[in-house]
Each structure stands twice: as structure tokens, then as C-alpha cells.
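Below: one structure, written as C-alpha cells.
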Number of protein chains: 2
Amino acid sequence: MNLKGLSQILGMSQTTVSRALNGYPEVSEKTRKKILAVAAEHNYSPNVRAKSLATGRTNTIGHVILTGDRHQMINPIFGDFIAGAGEVYSAENYEIALSIVKEADEEKTYRALKTRGTVDGVVLHGPKMNDTRIGLLQELGLPFVVHGRASGIASDYSWLDVNNTRAFQRATEFLIDLGHRRIALFNGFEGMDFAHRRRLGYEKALQAQDIRLDPAIMRSEEMSDSNGYAATQDVLSLPNPPTAILTSSIISAFGVRRAVQDHGLEVGRDVSIITYDDGLSYLANGVDVPIFTATRSSVREAGQLLSQMLIDQINGDVTGPQSKLLEAELTVGQSTGPAPSPK
Amino acid sequence: MNLKGLSQILGMSQTTVSRALNGYPEVSEKTRKKILAVAAEHNYSPNVRAKSLATGRTNTIGHVILTGDRHQMINPIFGDFIAGAGEVYSAENYEIALSIVKEADEEKTYRALKTRGTVDGVVLHGPKMNDTRIGLLQELGLPFVVHGRASGIASDYSWLDVNNTRAFQRATEFLIDLGHRRIALFNGFEGMDFAHRRRLGYEKALQAQDIRLDPAIMRSEEMSDSNGYAATQDVLSLPNPPTAILTSSIISAFGVRRAVQDHGLEVGRDVSIITYDDGLSYLANGVDVPIFTATRSSVREAGQLLSQMLIDQINGDVTGPQSKLLEAELTVGQSTGPAPSPK
DNA sequence: CAAACTTTTCAAAGCGCTTTGGATAGCGCT
DNA sequence: AGCGCTATCCAAAGCGCTTTGAAAAGTTTG
């Protein structure tokens, strides 16, 4: 069933039917009702390809995420993000076009998204330092919002980020206040902007107390459970192991916790753990009592907010770059305690 | 830059240019070369909407996943699945259309996918017992492959599944052989087909040894970390707690492990744990030594295989329903040991 | 060299929708 | 009745591509 057929059944022109269906005022309420009824009866819904060819709008948002050498995997964080965004997309009648590409094909993918007219806009995931994609998207004229920010990019662009520096500074200060002086940092890839900012916060807090940075207890890698485990094994075997570990994801925090226990140490007494918590639904930080002391900001909520920003931008409801900085909240759980007195 | 513009530059008709670009034989190699060169120079790529309007093909696959009351969240398993599928899609030049919908809107979504012509086919995620979506998709004539199977559906359809019954039977037998008689089962939602089959395997193994089923140590719920933790807390507080726990996902297994330890018990000595492992990249079952004894089948690989099946079906490379049953492998890790002798 | 093919190219129709510019009908006026 | 409105409705063009049916060009033949 298409517009033509429908209009023949109704004995009206395609124009009128189309206008009635799309809520244009040039059609009387009476005929609109009739048209709507007949359309529902034959459960007609317009061919989305034809519609977007005619309007130039696609009502779909592109999400391109990297896979390949380093990131052969899709971060579970994406799942919660897109779940949040999906709510907004449904409400606003947008579709999601998901591209999973190798890093080498990334630029090509964005270009294709533009020239092939597949999407109305994209969300840029995982911004890196000096991220070249931002310039590319600006050049292409494809609306976008960055999930995060990119240090080193001078131009104005839309973004939504968590105050990572502040979050990690506060977390570190919290540990320092508990008497910890030797604090490990298990961070994400240093090329990623968020990891950079988190390290800055950590360093700021340490430097304020004249605590020396020690690269031996600082890591920068994929935030998986096994990496958290391995890194913890490593640092706990050092001659002077850390008394506290600050980690960038609850996923790796679980690995850290396991390694601490496998070392025969008690979490919160021998070794304190504090983590960044994205509020992942499948890996919640406990139910009643938090497992970990954590700086928390829901990535699902970020997905909601960001997708709304992008849609507003596409609809022209706002003009010029918008940005939003979320603050993470520090919740105290069972994984932290006063620094053990040196033996 | 569009076809018209390109053909004007070349001084040829759109027909010839289109044919050259799409590899039709009716154009000489010489002109094809020239056309290709000029196309690349102006980096032309065809408008995908117009193309699909003309051909009736969209070259995109729909994935509709549920959110809402029970499943307010996207299972991390989906991330690995789609990562696997994404590789195939890229190679075959397919796009992914992701729909995140509430359960109530699901049927409407599938219908819309068909009538609006958004996709060439869909993959059906998370089949339930007597799943009505299968009949719907058959009625709609939308090509699909089910990730899993649906007990109770008589008609033939394409699917790819793991032999869940066998996997759980083997796992249970493994525990029985170690002397365990009281084995808890932490399963997924009982409405889900895979959970049903897994329970069947578990029961089969127990019944073969005349071990009575005890609903008090059987759970059926979302396989999150916190549910694993809570369920373990529960059963360990029973007057006669289980000596072994069989769980349906590594995510909940991590929660189980934590609860066992928080109970002051040792995993693999006081309580054995065996889990189903989807081989999630961010939650690997250890690196060198497996953390858990597990029945394992990579969901990423399932994604690759299934998407290829679907594409073959869409391309007409195969006719009639295809199916594939994968076997899970049982790997022994540190989480299991002989049943503790009763005190 | 013309006839009979084969190869190469093209004009135009069509995919299903929106939208412009215009026609028609209905209404209250004078 | 005739005028000027506004409220409705419509025919046709156009979005960017594919594809059919036919023409033009090139190649073999007798």
C-alpha cells in the first residue's frame, strides 16, 4: 500500500492525502479524519526512503564506533549510552544507523555518511586528544555532538561531557584525606581525551600535597576486567605497593578487587579502591550498599541528554554550538578506608 | 555531486555512468576506467536513499532490541554480538538499523520496518518460548534469522543457536562427578527460550542421578551482577545451602563470586561455581588461567555466522530456512573443586 | 561494399514521496 | 448577481538513482 493506492481508494489526490497525513493546515479537519481513518485501516505507513529522497531529511542519527586492533570490542558503556539515546530517538521519531568500522576506515565512513545522505547527524564517540574527526565533520557540514570533548581543538563545537578532571581530583583528595599517599591510577588509553583529563585531576590533587607521581603505579590501557586484574597483580608485587587504587571504570574495578583478594589482602582495609562508575545497568555498583566508593555519572543519562541536543540542533531549535558539563557525584562505599599504618 | 552532475562532467549519459559504477558488462573497460577515475576524483558516492528507492533494496539489516520494564537495559552480550556481525556487514556493504523499543511497541516496529521499507531483513534477538514475532515476520515476508530458537513454534525458520541444553547438562554432570549433590541454578528469565533449554539440561543431569530438584535454589531473573550477588546471599543463608552454583552468565557469575567470598567462603573449595561464558571481550574469563570453570561459546562468533546466514538468505544464495547449532566447550578453571565433605 | 551482427551508448520512464503554483469551490459582502 | 476572499483540493515537477527499449557505432562476414 502506497500513497498512490491510498489516494485512489479515497478518490483524492496524493497531495491532499500527503498533507493530511503530515498535519499540514491546508486540509479540512473533516477530510483529514477520513484520510487518517482509511490510512489506519489499510495500515499504511509511508516509504521512508521515498520520503527522505523527497525531503532531504532522513530522520536517522549515525553512530560510528571503532573496532579493530586496540578496540576490537564494543565497550559495554556504549550499550547503556545507546539505551538512553534510544528513548529520545523513539520519542522524536528518529532511527539509529550504527556503523562499526576499523580505525582506518573511519574518515571514509563519515564522508560516506554525508555524501550518501544516510543520516541527518552523527554523535561522535570516544574523542581523542586533538581529534581530527571534529574538523572533518565541520568541513563536511554534518551536524554532530561529541560525547566528551577534545583537548587541543580550538574551534567551537557541540559536546556533552562529564567533569572528569574534577571527578578524579575529588576522588584522589578523598583518598589523601584518608591518609593514603601511594595511590595507583588505572586509567583508560592516554590518547583518549577523557583519560587525559582524568590524569590531570589525579595529578593536581597529588601535587597539591607534594606527593610525587610514580609512573610505576600508573596505567593507561583498555578498561577491561582482565586488565584491571593484571595491573593490580603488578603493582601489588612492587617493593612498595600502593595502598589505594583509583580506576577508571567499574569493569576494571571488578578485576582490581579480585586481584586484591587473590593477593590475600582485604579491600577497604589493606587496599582501598575507588572507581569511576558509569552507572551501567548490568554492572551496578551494588544495590543497597555500594560495592565501591565511586565518582558516578550515568552514561545512560548522558545518552538521553546528548541525543536531545543533537536533535535540537538538527531541527534548528538552537543555533550555534551547545555544550553541557555534568558533574560526577562521589558516593562512599565499602571499598575505601583509612590508609594502613606502615609496618 | 550526484549522478547527473557526474555524467555531465563526463559528457556521457547517466545510464552509462551508473552501469560503469555498478559493474555491469554493457560498458567497455576503457570507459569504465575513465568513469571510475572521474568519480573518485570528485569523490562521488551514490545517494543511498535514491538508490534504494530505485532498486527496492536497502542494504541494511534491522536489529530491534527490547527495553522497558524488565529489560530496561541493553545486555552487554549484544555489544559483542553486534561487533561480530558488524565485521560481516562491513565486508558485505550492509548497514545496521538499530531500533530500541519498548515491548509494547515491538510488533508495530517490525511492521513499520516492513511497510516503510527500511531494511532488507532483520535479526530476531532474545527469542521467547512460543515467540509470536516469528509468525509475524513470516506473515510480513521479511527475511530474518533468529539468534536462538523458539520452543513451541512448529513452522520452519532460520536460526542459529548454541546447544544450551547440552551445555548445562554437561556442566551439571561435571559438578555431580565432583561429588556435588546440591547444585543451585541461577538462570535467565524463564520466559526466554535459552533459559528454558538450560534448565532442561540441568534437570536432565540431576534426574539421571535421582537428585531432587529444589526450587529454593533455582532462580530465574535478569543476569546482572547484582542479581547474582543477591541470589547467592539468599541461597547461602538457607539451612542447607548449595555446594555448587551453576549460573547463566559470566556477569552474574562475578556477583556470585563476590557473595561467596563476602560470606567468608572460598570459591572452588567451599562453593564451586560454573558459568556459561559468552566470551565477552570486556569481561573475559581470565587471561591465562580461567577464573571460572565454564561452558563457553563466543557470542561474537555467533554474530558473524548469523549475519552471514541472513545476508545469504537475502541475496538468494540459499533457499529455505537454514539453521546452525553450535556446541559450547567446557573449560575447567579455578572455581570448581570436589564437594566439601558434609560436616 | 553492403548485410548482419555485436558492442556501446543513450533517452526516458519509474521507484514513492513532497511541494509549488494554480484551479475550484464556498462564503460573506455590497 | 457579482465581487473578493479564504478554504480546499489538485496536477505536475522533482528528489537521485536504476533499468528498459532503442539507437548509434563498430566489427565481421559473404
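Below, read A as the first sequence line, B as the second, and so on, with proteins coming before strands; counting in each chain starts at 1. Owing to the predicted nature of the structure, the values given are computational and were not obtained by experimental measurement.
Which of dC10(D), dT18(D), dG16(C) sits closest to the side chain of Leu3(B) comes down to dT18(D). Among dG16(D), dT18(C), dC9(D), the nucleotide with an atom closest to any side-chain atom of Leu53(B) is dG16(D).
With 3.5 Å as the limit, one finds a donor-acceptor pair spanning the side chains of Glu87(B) and Gln304(B).
Side-chain contact check for Asn47(A) versus Asn2(A): every heavy-atom pair is 4.5 Å or farther apart.
Contact annotation for Ser18(B): base contact, defined as any heavy-atom pair under 4.0 Å involving a base atom. Residue contacts for Ser28(A): at a heavy-atom cut-off of 4.0 Å it reaches the sugar-phosphate backbone alone, with no base atom in range. No engagement by Ser52(B) is indicated, since no non-hydrogen atom pair under 4.0 Å with the nucleic acid exists. Within the nucleic acid shown, Gly5(B) has no heavy atom closer than 4.0 Å to any nucleic acid atom.
Judged by distance alone, with hydrogens and angles left aside, Thr15(B) brings a side-chain donor or acceptor within reach of the base of dT19(D), the pair sitting under 3.5 Å.
Classified by interplanar angle (parallel below 30°, tilted 30° to 60°, perpendicular above 60°), the ring pair His63(A)/Phe81(A) is perpendicular.
Thr55(A) has no side-chain polar atom (N or O) that falls below the 4.0 Å cut-off from OP1 or OP2 of dC17(C). For Asn22(B) and dT18(D), the shortest distance from a side-chain N or O to OP1 or OP2 is below 4.0 Å.
Residues Asn2(A) and Arg19(A) each lie close to DNA chain C; by heavy-atom proximity, the contact nearer the 5' end of the strand is made by Asn2(A). Across the interface with DNA chain C, nearest-nucleotide mapping of Thr16(A) and Met12(B) shows Met12(B) to be the residue nearer the 5′ end.
No donor-acceptor pair under 3.5 Å is formed between the side chain of Thr16(A) and the backbone N or O of Val27(A).
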